[in-house]
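Everything on this sheet refers to the single structure shown next.
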Amino acid sequence: MYQDDIYSLSPNEWEWFAQDVLFHLGFMVHVGPSEGVDDGLDMVVEKEGVKYLVSCKHNHKTKKNVGVREEPDIRDRVEQHDCKGFIAFYSVGATTGLKKKLLALKSVNLDVIEIYLDNILDIIPTIRGFTLQKYFSRPQEMHHHLLQEAEYKPLRCLNEECGKDLLENQRIPWSMAGFHVDEDKKVHFLYGCKSCISDYCNHPYWAEIGQVRYIEQMLGWRSIVDEIQDENSLLSVDFYKHWALFQEAILQIQVPQGWGRWI
Ligand SMILES: [Zn+2]
């Protein structure tokens, strides 16, 4: 999903990104990326007393796995920079040949850490928004549906004939929440496609799903719902149930504080 965003980074940006990711993983940075220069040294980092030489490879054009020829003399380079370990930080994978070579180096006590595209895709959702924002223009999209499929709970349009999942990326802009006041003056809390429910939302307050996924907006929306609860003694029996389901569902796509605002 965010592979394309990764491949749109320049090789230099890739090195800076690597620095941020390694810092996020608890490494201390001794020598950071040096722009333009490449003498086989990309970075030196340290964790738990072990210094690592970091090799960043960003085959963003070919998308080919890194091979043995792209990583010559690993052992020499590691020793030359007074390190005890080696970190492969690749936006692709490694060829079987290179993996064998790294395995051989591990067996002679070189501390080798392999971080490939798959690992990076797993790490990204754990990185804070303001860091991701340096590299990716729309980090909120990278935050979408982070949960394991098994844990994910859709939010179905309350129009029973529709039942579409409002949290699907393409559906978010067309989805809303609002209130319906029925003939007995009871207030209902509704969510659904705009086309399905907007006619039923006969109360002035309503919200876009794309809006309330931003935590700042959700807080505002929450106080509106509180206000409506306080002002109306007549709440429908399903008001709290719907409100609870809604909040629980939105949490799954919530954009954390400081990631930008809904426009
Ligand atoms: Zn619908």
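Note that the coordinates shown come from a computational prediction; the quantities given were computed from them, not determined experimentally. For ligands, and for the atoms within them, numbers begin at 1 and follow the listed sequence.
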_Atoms named by residue and atom, protein N, O or S, within reach of the Zn ion (ligand 1) (under 2.8 Å)_ =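 Protein N, O or S atoms closer than 2.8 Å to the Zn ion (ligand 1): Cys157 SG, Cys162 SG, Cys193 SG, Cys196 SG.
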*Does Lys99 pair with Glu114 as a salt bridge, N-O distance under 4.0 Å?*
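Salt bridge flag = no for Glu114 with Lys99.
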_Assess whether a salt bridge exists between Glu248 and Lys153, defined as any Lys/Arg side-chain N lying under 4.0 Å from an Asp/Glu carboxylate O._
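Yes, this pair counts.
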*Between Trp243 and Tyr240, is the ring centre distance below 6.0 Å?*
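That pair fails the under 6.0 Å test.
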*May I ask you to establish whether Lys57 and Tyr90 are in a cation-pi arrangement, using a distance under 6.0 Å from NZ or CZ to the six-membered ring centre and at most 45° from the ring axis?*
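Here Lys57 fails the 6.0 Å and 45° test against Tyr90.
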*Would Tyr205 and Trp221 satisfy ring-ring contact (aromatic ring centres under 6.0 Å, His included), going step by step from the backbone distance to the final call?*
CA-CA 9 Å; Tyr205 285 129; Trp221 179 242; 7.5 Å; no
_Short side-chain to backbone donor-acceptor contact, Arg156 and Lys164, under 3.5 Å_ =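 Not at all, since once roles are kept as given, no pair shorter than 3.5 Å links the two residues.
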